[in-house]
Amino acid sequence: MLKNLIIAVSLAGLVAPSAMAEKKETAKEFVARIQQESLELAKELEAAYWVRSNFITKDTAVLAAKAGERGLAFEASVVEQAKQFKDAKTDPVTARAIELMLRGSAAPAPTDPKLQAELAQILTDMEGQYGSGKYCNAAGQCRELQELEAVLAKSRDYDELLDVWQGWRTVSPAYRKTYQRFVELGNQGAKDSGFNDLADAWKSNYDMTSEEFTEEASRLWNQVKPFYSELQCHVRAKLSEQYGENKVPLDQPIPAHLLGNMWSQTWDNLYPLMEPHKGVASLDVTAALKEQGYDEKRMVETAEGFFTSLGLPELPDSFYENSLIKKPADRNVVCHASAWDLDNGNDPRIKQCVEITEEHLSTLHHELGHIYYYLMYKHQQPVFKGGAHDGFHEAIGDTIVLSMTPGYLKEKGLIEEVVESPEATLNKQMKLALEKIAFLPFGKMIDEWRWKVFSGEIAPQDYNKGWWDLRTEYQGIQAPVERTEKHFDAGAKYHIPGNTPYTRYFLSFIMQFQFHKSLCEKAGVEGPLHECSIYGNADAGKALGDMLALGQSKPWPDAMEALTGQRQMDASAIIDYFAPLNAWLKEQNKDRQCGW
Ligand code: X8Z
Ligand code: ZN
């Protein structure tokens, strides 16, 4: 999350007048100087942001905004300087470093110092408002996001769900205007850094042109769309049985509050309603974690244990000392899980308000995926510290989770028995598809919305309409009650006020199946992919570690090739993985009218 800001900032450097005055600096000297300066600045920024996210108060807002301002000033100055080396004749490593310095960050710095200050302030405020958001209902009961999410996950009471769904969306209208200003400032920063707009800047991070990237993302979406439509059709039919056809009509998009998740982004909480073969091979890991008295630390250690089983290093002691893994009772923190690369790779940390559930265990693996990337590219120079692209960074931990098969869970004592039968396979696939396939259109549409907002195609007065149009187009869902331009429903999702680009997750969800497939091949595991676990396999661990160690020193197709032998992102691995479920869904849907 913050990683990007830090990396963006760590690429930045103050103009050093002494270095400029005398003989002209070479490109290589320039890169070395900037990286040195960036390490100094990074220390200050990391400290300010970490403390801010751990204690949301008026005072930490001052510190974080000030630090952010310094970061943006730094970044603007580096971009300005790096431009003169853009086409310099130099060695390939230096050329790559310069190219990376000229890429767009999540919020590129405007050159005007006043605007830098305003942008830093806005980003701090929006994230703080999200992080401290609460919904108090008519009875005066106030709840935070995680409590509201728990209701969405468990309740099947239409009205209770609706209350909570609407309730969380009372927080975001407060920063709708702020977001509008952010768009102006972000676009200004993008223009000052040499891009058409902020969308163009975001799309500059993939070793291809912006246009090519837009095409590439659409191509991948079109690969998976037919499968998603089958899943949506089946889930709608089941929800219609549950809530009645008047509440869930069979020819309309699904009401968004019934999908078990605050943003309808993953639907695995609906598994009990969707289980194809009732009672076959229980997969209730949450119950086992609770029964066995897991606490937050043991949850983290369990995740670490998977990585070390692959021959990757143990986490440093400082990781456990400095991370935040338990929600503090008495203060506001940004609970949205994140991984941080502090002190130049020497003090990695996570921040997650861990709950003892299977979902949180998966998220912990996700976060440790980021941490292991940090550890493995620690030796790289700062400018090369980053994922091959941001989707790679997001995919590592999730790839590991794909190896948490019933066989693995049994070994860990988290399920009682491994049942091998076509029925058991379908159950397992349904549960995973409700997470992984349901997510794909959501992963795609978030930035579809932002790209249009940044380009002006969605005007400020249409933010909410534009949002729901895309929600319906991509996901086949709809708002359960009338929404107006007083609302700001996009802003109810962390990554909007947190300003984290989102296409990375869409790409990650596709690539993690490619990675899983290749790692299973390296591990020499035979049989279907959905039964493969690389747990304990050093060959797979070595292949993974080698790719991570590249950081972003090479264009991403090189990293992809190193691990998978392919130079492209490709959805055939995810489609093949789910072949049994896909066939079953088609059969279930054969007499239904699918589509919305
Ligand atoms: O934000 C995250 C991670 C941190 S990078 C917890 N994820 C996305 C989300 O929660 O919306 C992971 C999957 C999608
Ligand atoms: Zn992540």
Side-chain angles (χ1 to χ4, degrees), residues 1-7 49 53 106 127 130-131 145-146 148-149 152-153 168 256 259-269 299-300 303 323-325 327 333-341 348-355 357-374 386-402 432 434-450 471 474-475 489-513 515 548 574:
M1 201 95 338
L2 167 110
K3 180 185 72 71
N4 285 309
L5 196 45
I6 302 244
I7 284 172
Y49 291 144
S53 293
E127 197 186 18
Y130 182 96
L145 176 58
Q146 282 193 232
L148 301 171
E149 283 188 77
L152 259 303
W168 176 244
L259 290 156
N261 175 277
M262 183 57 88
W263 307 276
S264 332
Q265 68 181 63
T266 46
W267 305 349
D268 40 317
N269 287 320
M299 295 271 284
V300 184
S323 289
L324 178 136
I325 57 173
K327 187 176 186 311
V333 308
V334 178
C335 269
H336 190 89
S338 55
W340 300 57
D341 189 5
R349 304 178 194 174
I350 61 168
K351 186 172 57 57
Q352 182 178 332
C353 304
V354 175
E355 291 177 16
T357 64
E358 182 179 8
E359 190 173 336
H360 274 256
L361 187 60
S362 294
T363 303
L364 280 167
H365 287 78
H366 176 96
E367 297 309 330
L368 290 198
H370 290 305
I371 297 290
Y372 276 94
Y373 225 144
Y374 303 151
H389 67 49
D390 52 8
F392 281 68
H393 229 300
E394 297 304 337
I396 306 309
D398 289 19
T399 301
I400 298 300
V401 175
L402 294 180
L432 193 66
L434 288 168
E435 181 188 348
K436 300 293 179 185
I437 303 300
F439 179 81
L440 294 166
F442 181 77
K444 183 80 180 70
M445 63 76 55
I446 297 246
D447 283 353
E448 208 69 56
W449 181 79
R450 280 190 288 204
R471 291 275 260 175
Y474 278 88
Q475 292 184 273
D489 293 328
K493 174 69 195 163
Y494 168 76
H495 302 67
I496 302 295
N499 193 40
T500 307
Y502 211 84
T503 310
R504 58 183 63 183
Y505 303 108
F506 170 70
L507 301 177
S508 154
F509 274 52
I510 287 175
M511 291 192 304
Q512 57 194 248
F513 287 85
F515 293 169
L548 300 183
I574 186 171

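Order of listing sets the numbers, starting from 1, for every ligand and every atom in it.
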Between Trp263 and Ala492, which heavy-atom pair has the shortest distance, and what is it?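 Looks like NE1-O, 2.7 Å.
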Check for me whether Ser338 has a heavy atom closer than 4.0 Å to any atom of ligand 1.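 Per 4.0 Å heavy-atom rule, Ser338 does not contact ligand 1.
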N, O or S atom of His366 closer to the Zn ion (ligand 2) than 2.8 Å: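 Within the cut-off used here (under 2.8 Å), His366 does place an N, O or S atom near the Zn ion (ligand 2).
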Tyr505/His495 aromatic ring centres below 6.0 Å: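 So the answer is yes for these two rings.
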Taking the six-membered ring for Trp, are Tyr374 and His393 closer than 6.0 Å centroid to centroid?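 That pair passes the under 6.0 Å test.
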Proximal atoms of ligand 1 relative to [X] (non-hydrogen, under 4.0 Å):
{"X": "Glu367", "value": "3 (C), 4 (C), 6 (C)"}
{"X": "Gln265", "value": "9 (C), 10 (O), 11 (O)"}
{"X": "Glu394", "value": "5 (S)"}
{"X": "His370", "value": "5 (S)"}
{"X": "Lys493", "value": "9 (C), 10 (O), 11 (O)"}

Apply side chain to side chain donor-acceptor pair (under 3.5 Å) to Gln265 and list each qualifying residue two or more places apart in sequence or on a separate chain.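 So Gln265 forms a side chain to side chain donor-acceptor pair (under 3.5 Å) with Lys493.
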What about Tyr505: any of its N or O atoms under 3.5 Å from an N or O on ligand 1?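 Tyr505 vs ligand 1: N/O contact under 3.5 Å present.
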How would you list, by chain and number, every residue that makes a side-chain contact (heavy atoms from CB on, under 4.5 Å) with His389, sequence neighbours excluded?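 Per chain and number, His389 pairs via side-chain contact (heavy atoms from CB on, under 4.5 Å) with Tyr206, Phe392, Leu507, Met511, Trp556, Met569.
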Where the Zn ion (ligand 2) is the corner point, what angle links OE1 of Glu394 with NE2 of His370, to 10°?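 Between OE1 of Glu394 and NE2 of His370, the angle at the Zn ion (ligand 2) is about 100°.
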Can you say whether the rings of Phe439 and Tyr502 are parallel (under 30°), tilted (30 to 60°) or perpendicular (over 60°)?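 Rings of Phe439 and Tyr502: tilted, 30 to 60°.
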Could you see which bit of Tyr502 sits under 4.0 Å from ligand 1, with heavy atoms only: side chain, backbone, both or neither?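 Tyr502 to ligand 1: side-chain contact only, backbone stays beyond 4.0 Å.
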Say whether, by atom type as modelled, one donor and one acceptor occur between the side chain of Asn269 and the main chain of Ala153 under 3.5 angstrom.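 No, Asn269 side chain to Ala153 backbone: no donor-acceptor pair under 3.5 Å.
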